Amino acid sequence: MSLLIVGGSGHLGRRVVRRAVAVGHAMAATYTSRPGDADVRWLPVDLRAPDQIATALAAVRPSAVINVAVRPADWATTADGAARLAAATRGHGCRLVHVSSDAVFSGRDVHYDEAALPDPVTPYGAAKAAAETAVRALTPSAVIARTSLIIGDGDSKHETFVRDLATGRRDGELFVDDIRCPIHADDLAAALVEIAEGDHAGTVHLPGPDAVSRYELGVLLTRRDGLDPALLRPAHRPDSPRDIRLDGTHTQKELTTRLRGAHKFLTR
């Protein structure tokens, strides 16, 4: 299989690249500002630039594209860029796996399976929901892979934030009523590559099986890193609670990749 990883130099993208290389796929990856360190073919692609998307697809001619590009505050990349990529992959006849987020949900219903309809309440969630709509309309055979908080081995934004709180480098609080289903980046990368290899279509959910609050996740992270969780300040959200639990039961039955919960991958 020939893969193109869009956003391959990012936190998740680097792991998807490593996973694809490890299982023997011919592949290339894209970057916006600088290439990653993996020994693969790197191409500059800004999803706001249609000509760059077309050039990359023509150069690689992939059998599948995995879009893990992220720029949360930029509608032009998150929503419009995803639509441009979907249209381009359709023109080249390659599969598309588009990574989405639990941010497309408000939390009012708490539990969300693969058939749940987006009802975003944040700008980022709205952009991700718009991207999903465009991908479905332009490439009905594509996979939309919704996931939750992505945790690595100390290198994700949330981990950095918690570490800064626990070491006094930053002042802040962690909400006890903001609940998600964190997933380890390596598990997510393996699942995305497996999905690209198969014949899946439609929406899949790739969360970890443990629902934890931001505060509980912070406690788990500090203990993993040998820091004192007592330095973390729990708090309630100033607006309304956001309890968003992706149900990936159906998706997990279709995969050989096992998705671990936060209590497992953060416990030494």
Side-chain angles (χ1 to χ4, degrees), residues 2-13 16-17 27-33 42-106 112 114-148 150 188 191-193 195-196 198-206 246 251:
S2 173
L3 289 176
L4 176 64
I5 313 302
V6 177
S9 60
H11 176 246
L12 173 60
V16 177
V17 169
M27 61 163 304
T30 78
Y31 66 94
T32 302
S33 56
W42 289 96
L43 302 109
V45 171
D46 188 324
L47 289 181
R48 297 169 296 183
D51 58 326
Q52 293 184 11
I53 298 172
T55 297
L57 288 173
V60 178
R61 298 191 177 280
S63 48
V65 174
I66 303 177
N67 179 22
V68 295
V70 60
R71 189 175 287 170
D74 185 5
W75 183 281
T77 297
T78 304
D80 297 341
R84 294 187 191 98
L85 181 62
T89 57
R90 181 182 63 179
H92 281 264
C94 49
R95 277 173 52 74
L96 174 62
V97 179
H98 171 78
V99 177
S100 190
S101 167
D102 59 6
V104 301
F105 299 118
S106 67
Y112 297 89
E114 292 87 347
L117 298 178
D119 62 338
V121 293
T122 66
Y124 176 61
K128 278 295 193 181
E132 288 191 8
T133 299
V135 169
R136 284 194 191 93
L138 293 167
T139 52
S141 62
V143 175
I144 294 170
R146 295 178 183 142
T147 191
S148 191
I150 302 171
L188 179 56
L192 291 171
V193 172
I195 287 168
D199 58 0
H200 302 80
T203 302
V204 299
H205 279 185
L206 300 173
L246 292 186
T251 299

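Predicted model, so just to flag it, every value in this text is computed and none were measured.
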Is a side-chain N or O of [X] found less than 3.5 angstrom from the main chain of [Y], in a donor-acceptor match?
X     : Y      : value
Arg84 : Ala49  : no
Arg95 : His200 : yes
Thr32 : Asp46  : no

Roughly how far, to the nearest 0.5 Å, is the [atom2] atom of [Y] from the [atom1] atom of [X]?
X      : Y      : atom1 : atom2 : result
Leu117 : Phe105 : CG    : CZ    : 8.0 Å
Ile144 : Ser100 : CD1   : OG    : 7.0 Å
Gln52  : Thr30  : CD    : OG1   : 9.5 Å
Leu246 : Leu206 : CG    : CG    : 9.0 Å
Ile53  : Thr89  : CD1   : OG1   : 9.5 Å
Leu96  : Leu4   : CG    : CG    : 10.5 Å

Heavy-atom closest contact ([X] atom, [Y] atom, distance):
X      : Y      : answer
Gly8   : Trp42  : O-CH2, 3.5 Å
Ala131 : Ala79  : CB-CA, 4.1 Å
Val68  : Gly7   : CG2-O, 3.6 Å
Pro120 : Ala126 : CB-N, 3.5 Å
Ala103 : Tyr124 : CB-CD2, 3.8 Å
Ala29  : Val17  : CB-CG2, 3.9 Å

query = Listed by chain and number, what are the side chain to side chain donor-acceptor pair (under 3.5 Å) partners of Thr147, not counting sequence neighbours?
reply =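 Thr147 satisfies side chain to side chain donor-acceptor pair (under 3.5 Å) with no residue once adjacent residues are dropped.
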message = Which residues pass the side chain to side chain donor-acceptor pair (under 3.5 Å) test with Arg146, not counting sequence neighbours?
response =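 Applying side chain to side chain donor-acceptor pair (under 3.5 Å) to Arg146 gives Glu132, His205.
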Any side-chain heavy atom of [X] sitting closer than 4.5 Å to one from [Y]?
X      : Y      : value
Asp80  : Arg48  : no
Tyr112 : Asp102 : no
Leu57  : Pro62  : yes
Leu12  : Leu192 : yes

query = Around atom CG of Asp199, are there more than 12 heavy atoms of other residues, nucleotides or ligands at under 6.0 Å?
reply = no
task = Run through Val60, Val97, Val6 and flag the one making a side-chain contact (heavy atoms from CB on, under 4.5 Å) with Val65.
result = Val6
ask   = Per the side-chain hydrogen bond (donor to acceptor under 3.5 Å, both in side chains) rule, which among Thr203, Asn67, Thr139 passes with His98?
value =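 The residue from Thr203, Asn67, Thr139 that satisfies side-chain hydrogen bond (donor to acceptor under 3.5 Å, both in side chains) with His98 turns out to be Asn67.
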